[in-house]
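First comes the structure, then the notes that go with it.
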There are 2 protein chains.
Amino acid sequence: MFYSLPCVTMPPDPPALPGNDKEAEADARERLLAAAQDAFAEHGFKGATVRDICRTAGANIASVNYYFGDKEKLYIEAVKRAHVCAGRMDTFPVPPAGTPPVEKLRGFIREMVTRMNTPASPAAMKLMLREMADPGKAAHVVVTEFIQPAAFALRAMLRELLPQLDEQHLLMTGFCIIGQCLYYRQNRPISELIFGKEAIDALDSNAVADHVVRFSLAALGHAVPIGDATSGRKTSARGKK
Amino acid sequence: MFYSLPCVTMPPDPPALPGNDKEAEADARERLLAAAQDAFAEHGFKGATVRDICRTAGANIASVNYYFGDKEKLYIEAVKRAHVCAGRMDTFPVPPAGTPPVEKLRGFIREMVTRMNTPASPAAMKLMLREMADPGKAAHVVVTEFIQPAAFALRAMLRELLPQLDEQHLLMTGFCIIGQCLYYRQNRPISELIFGKEAIDALDSNAVADHVVRFSLAALGHAVPIGDATSGRKTSARGKK
DNA sequence: GAGAGAGTAAAACATCTGTTTCAATCGATC
DNA sequence: GATCGATTGAAACAGATGTTTTACTCTCTC
């Protein structure tokens, strides 16, 4: 199992904060960022108010101007911080050389689903998803540092796995996989409304990861299809191709 | 091909509007709803302003109070209207009796992807997706009338197709399929940022539908896996089970 | 200890936003 | 034509919100 996280797994300390060797009280700037992250995640950019953020952070109204300039710059910084807290996607563990393509893909999907469903910081993940659903000024950061590396890694794996597939179908295949990974978190509230909160809560994160892996690999012909004998864990099941 | 739409395919006239036999000018209430739909779709509930909506609708500020009471009630009505414009999911065409389960599923997925990617009213779809991503007071309507029927229909098909699967895996399988259907529209802006607008625009809606169908059916063992011989269109390819 | 500079506190500002008020207008009915 | 109800128009209101200003308090340096 090569995908043990080598990077941050807990909400990390403020990354490389100058002069932050204090004991208990965090920097005001850092408190503002943390409060902003929560508030923006919960209410969006428009919905969150700087007054509320400052109150939560125990700082004065003027401090957001002092440290960040204005609300929007604070927002962008909060998103940047969130993408670190949520676990940067470009820090995906690299499988050891010689790992079979199918195994690489399996590890990737598992990692993706796991990170989505049990993020180190739920608020950070929520904020990132919000920015993804409605890209604004901060989307560039999220895409460049968080998503694009993962997307390109996935595409490389698929190309290795399906060398005969044209670009467009390769792209769509990646979307099919990512779509599944994103669904559970992106649409969890709605799923709960449809099927009831209990039914959704009952879904174990590991079981979801396993299922998405099997579904995707089966679609690619590298696992036993869903619904077949329960031992559907073998890698290259059918001797086709 | 049984899934030709029997219901609305164009932005329908205001449904059952009392005394609307006029020629050109629409009811002020209807103009407000239309403008609100666009504004809320574009900027969200907080971001859209009643002043802007009224200006677009050519109505007075007081009219939103007069016709709807307040901004939130206008929002709810706009969402209700949107879910009609976007094509109610409970109006899915029913396949003729005796249709094989696989064909039913194939038709369902195709219909779903098509409706998502080429909606009658893009703004309406955008507003619905917004409400789904961040469920508020209007989510209940969207879920009950738009999504739940489709979700239950899908689950019934899957149960018919995979009778030996337990409830949880049935649920997850449905999520895997819906996740793919939703991805392209829900994350189109981000996809464009990652791979470039041209690459995404180049994806034909029909090709996407075909691909999602094949990916899903292959995962269920009812189509040739992705990457196999290009003739992957047969229904029950492998002679297993 | 004086001075400088970083950080904080409280108030004020200007603008925007949802909502309300109240008079004016229009159209049909008696 | 007068009356009544529905609808519209313009202005005003009250509150919230992002931002700025100004004075104050530390802490560190000289």
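Numbers restart at 1 for each chain; the letters A, B, ... are given by sequence-line order, proteins then strands. From a predicted model like this one, the values you see are computed outputs, not experimental measurements.
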To the nearest angstrom, how far is A/R55 atom CZ from C/dT8 atom P?
18 Å
Report the nucleotide, chosen from D/dT21, D/dA6, C/dG18, that has the shortest atom-to-atom distance to any side-chain atom of B/Y66.
D/dA6
Which whole-number value in Å describes the distance from B/D70 CG to C/dT20 P?
8 Å
Is the phosphate of C/dT19, meaning OP1 or OP2, less than 4.0 Å from a side-chain N or O of B/N65?
no
Tell me which of A/I61 and B/G58 sits closer to the 5' end of DNA chain D, going by the nucleotide each one is nearest to.
B/G58
For A/D27 and C/dG7, give me the distance from atom CG to atom P, rounded to whole Å.
8 Å
Look at the side chain of A/T49 and decide which nucleotide, out of C/dT19, C/dA10, D/dG18, has an atom nearest to it.
D/dG18
Is B/K80 salt-bridged to B/E131, cutoff N-O under 4.0 Å?
no
Figure out the CG/P separation between B/L32 and D/dT8, and round it to whole Å.
9 Å
Which residue lies toward the 5' end of DNA chain D, A/V64 or B/A59, if each is placed at its nearest nucleotide?
B/A59
Is there a side-chain contact between B/Y67 and the phosphate of D/dT8, meaning an N or O under 4.0 Å from OP1 or OP2?
yes
If you look at every strand shown and take non-hydrogen atoms under 4.0 Å, does B/A62 touch a base, only sugar-phosphate, or nothing?
base
Salt bridge check, B/D210 against B/R106: does any charged N sit closer than 4.0 Å to a carboxylate O?
no
Between CG of A/D38 and NZ of A/K126, what distance do you get to the nearest 0.5 Å?
10.0 Å
Out of C/dT19, C/dT20, C/dA10, which has the shortest distance to the side chain of A/N60?
C/dA10
Charged N-O contact under 4.0 Å between B/R115 and B/E111:
yes
